[in-house]
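Taking it in order: structure first as structure tokens, then the write-up.
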Amino acid sequence: MFKPLHNYVLLTRIEEENKTAGGIIIPDTAKEKPVRGRVIVVGDGVFENGQKIPMSVKPGDMVLFAKWAASANEVKIDGTDYVLIKESDILGIL
């Protein structure tokens, strides 16, 4: 299994509903990429001023991450799509 380094988090996107509350179906071409995900695996954290800062998220957490996160990288591992992102681009745990 892939293990991210330092403060990186590997997660899968959680797809949003494909229709509005009123029942209008949103075509795939008009959808925005979801910004919710489930944490798969996390790095060990980083060292700051000689002290190890542990990760705030853990595998299984559902998180909200920045829509235009600069650190977000789409990766494919063993045929599955993932997002590799820095913990600092995660906005919160759902």
Taking the side chain as everything from C-beta on, heavy atoms only, tell me whether V9 gets closer than 4.5 Å to P4.
no
For D78, all residues meeting salt bridge (charged side-chain N to carboxylate O under 4.0 Å, His left out), sequence neighbours excluded:
none
Beyond-backbone contact of I90 with L64, side-chain heavy atoms, under 4.5 angstrom:
no
Gap separating the OG atom of S88 from the CZ atom of F65, nearest 0.5 angstrom
13.5 Å
Cluster question for you: counting only ILVMFWY and a side-chain heavy-atom cut-off of under 4.5 Å, with indirect links fine, are Y8 and V46 together?
no
Atom pair NZ (K86) and NE2 (H6), whose distance is rounded to the nearest 0.5 Å
10.0 Å
Sequence-distant partners of Y82, side-chain contact (heavy atoms from CB on, under 4.5 Å), two or more places apart
L10, T12, I40, V75, I77, T80
Of all heavy-atom pairs linking V63 and V39, the shortest is CG1-CG2, 3.9 Å
Quick one: do R13 and V83 satisfy side chain to side chain contact (heavy atoms under 4.5 Å, CB included)? Show the steps, please.
CA-CA 7 Å; R13 289 183 187 272; V83 177; 3.7 Å; yes
Only pairs under 3.5 Å count here: list side-chain donor-acceptor contacts from residues 47-59, not counting sequence neighbours, and write none if there are none.
| residue | atom | partner | partner atom | Å |
| --- | --- | --- | --- | --- |
| K52 | NZ | D44 | O | 3.4 |
| S56 | OG | E87 | OE2 | 3.4 |
| K58 | NZ | D61 | OD1 | 3.0 |

